[in-house]
Amino acid sequence: MCITALAVAVPAMADDNSDSGSSDTSSSDNPSDDNPSDDNSPDAPEPATYETTPCTEAARACVDLAKQQAWLIDDQGNVTLGPVAISSGGPGKETPLGTFNVQWKDKNHKSQEFKLPNGQGAPMLWSVFFADGGIAFHGGSVSRASAGCVHLNDADAQMFYNTLQLGDDVEVH
């Protein structure tokens, strides 16, 4: 009996929230409040598209080095994540510009270039490799320059890892 009551209550709760918390009596005062699909509603912003980024519709990942931001874009051209903070390569180890493809991914990659004090490779969690020379999106500090990779905070790196597929376009501007 409780399960049935909960199943009935959930849709009612969702309907109550669709009018921005107005009570039933006050929502009848303004008919436009009752229409959540009203295109002029200030509560329904347009979804961000690739056009709000420096990238083309073909990109699934977009990087703006000047602004130190990145985005994920779906196959309909809608931004699904971003802009998010990044850090990129520093002087002499710049992140390459251009259009690339996701080459391979490694959830728990260890750097061959940077070693920890114990001699093991530094962790590069949630790595998505897209350019020659081991250039990847991966978890790392977004407050200091990388050796050419695109550092993301760990939660964003995980989203890039879980979203991007082999062959997807990556644009770096």
Side-chain angles (χ1 to χ4, degrees), residues 10-11 14 17-18 36-37 39 41 43-173:
V10 170
N17 290 334
S18 67
S37 64
D39 291 338
S41 171
D43 297 323
E46 290 292 320
T49 68
Y50 74 93
E51 294 166 325
T52 63
T53 76
C55 293
T56 68
E57 189 173 9
R60 295 298 159 259
C62 176
V63 177
D64 184 333
L65 295 177
K67 292 185 179 179
Q68 294 290 281
Q69 294 178 329
W71 297 260
L72 287 174
I73 303 168
D74 69 16
D75 60 0
Q76 302 300 308
N78 296 311
V79 171
T80 59
L81 179 68
V84 298
I86 66 160
S87 66
S88 57
K93 295 190 181 259
E94 291 83 2
T95 302
L97 299 171
T99 300
F100 307 93
N101 297 104
V102 173
Q103 298 172 356
W104 58 289
K105 299 174 13 174
D106 186 352
K107 183 177 174 179
N108 294 303
H109 188 73
K110 303 287 186 199
S111 175
Q112 300 301 311
E113 186 174 351
F114 295 100
K115 304 291 183 190
L116 298 174
N118 65 6
Q120 293 185 3
M124 295 171 55
L125 298 178
W126 309 110
S127 292
V128 178
F129 292 88
F130 62 87
D132 292 341
I135 305 299
F137 294 109
H138 66 83
S141 172
V142 296
S143 61
R144 62 180 166 77
S146 72
C149 289
V150 176
H151 285 176
L152 299 155
N153 73 43
D154 285 342
D156 293 336
Q158 185 175 4
M159 284 292 296
F160 273 63
Y161 180 89
N162 288 334
T163 301
L164 294 171
Q165 303 299 313
L166 298 183
D168 281 351
D169 283 358
V170 173
E171 293 183 24
V172 180
H173 296 273

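Remember, it's a predicted structure, so these values are computed and weren't measured experimentally.
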Cys62: which residues meet the disulfide bond (SG atoms under 2.5 Å apart) condition with it, sequence neighbours left out? Cys55

Could you tell me whether a side-chain N or O of Thr95 sits under 3.5 Å from a main-chain N or O of Gly148, the two making a donor and an acceptor? yes

Rounded distance (nearest 0.5 Å) linking atom NE2 of His138 with atom CG of Asp154: 10.5 Å

Do the non-hydrogen side-chain atoms of Gln76 and Thr49 ever get within less than 4.5 Å of each other? no

Pairs where residues 63-89 contributes a residue and the test ring-ring contact (aromatic ring centres under 6.0 Å, His included) is met, not counting sequence neighbours: none

Quick one: ring pair (Phe, Tyr, Trp, His ring centres under 6.0 Å) partners of Tyr161, sequence neighbours excluded? Trp126

CD of Gln103 to CG of Asp168, rounded to nearest 0.5 Å, is 12.5 Å

Leu65, Val172, Asp64 screened by side-chain contact (heavy atoms from CB on, under 4.5 Å) with Pro54, the one that passes: Asp64

For Gly82, is there any backbone N or O sitting under 3.5 Å from a side-chain donor or acceptor partner on Gln69? no

Can you sort out the partners of His151 under side chain to side chain donor-acceptor pair (under 3.5 Å), two or more places apart, ordered by chain and number? Ser87

Rounded to the nearest 0.5 angstrom, the OG-CD distance for Ser88 and Gln68 is 3.5 Å

Under 3.5 Å: donor-acceptor pair, side chain of Asp156, backbone of Asn153: no

Sorted by chain and residue number, the ring pair (Phe, Tyr, Trp, His ring centres under 6.0 Å) partners of Phe130 (sequence neighbours excluded) come out as Phe100, Phe137

Considering all heavy atoms of both residues, which atom of Leu72 and which atom of Ala61 are nearest to each other, and what is their separation? CD2-CB, 4.4 Å

Pairs of donor and acceptor atoms involving the side chains of residues 114-125, under 3.5 Å and at least two apart or interchain, shall be tabulated with distances.
{"from": "Asn118", "atom 1": "OD1", "to": "Gln120", "atom 2": "N", "distance (Å)": "2.9"}

Does any part of the side chain of Asp74, heavy atoms only, come nearer than 4.5 Å to the side chain of Thr163, both counted from C-beta? no

Asp169 and Asn101 side chains, donor-acceptor separation under 3.5 Å: yes

From Glu171 CD over to Glu57 CD, what is the distance, rounded to the nearest 0.5 angstrom? 11.0 Å

Between the CZ atom in Arg60 and the CD1 atom in Ile73, the distance rounded to the nearest 0.5 Å is 7.5 Å

For a 4.5 angstrom cut-off between non-hydrogen side-chain atoms, does Leu152 reach Gln158? no

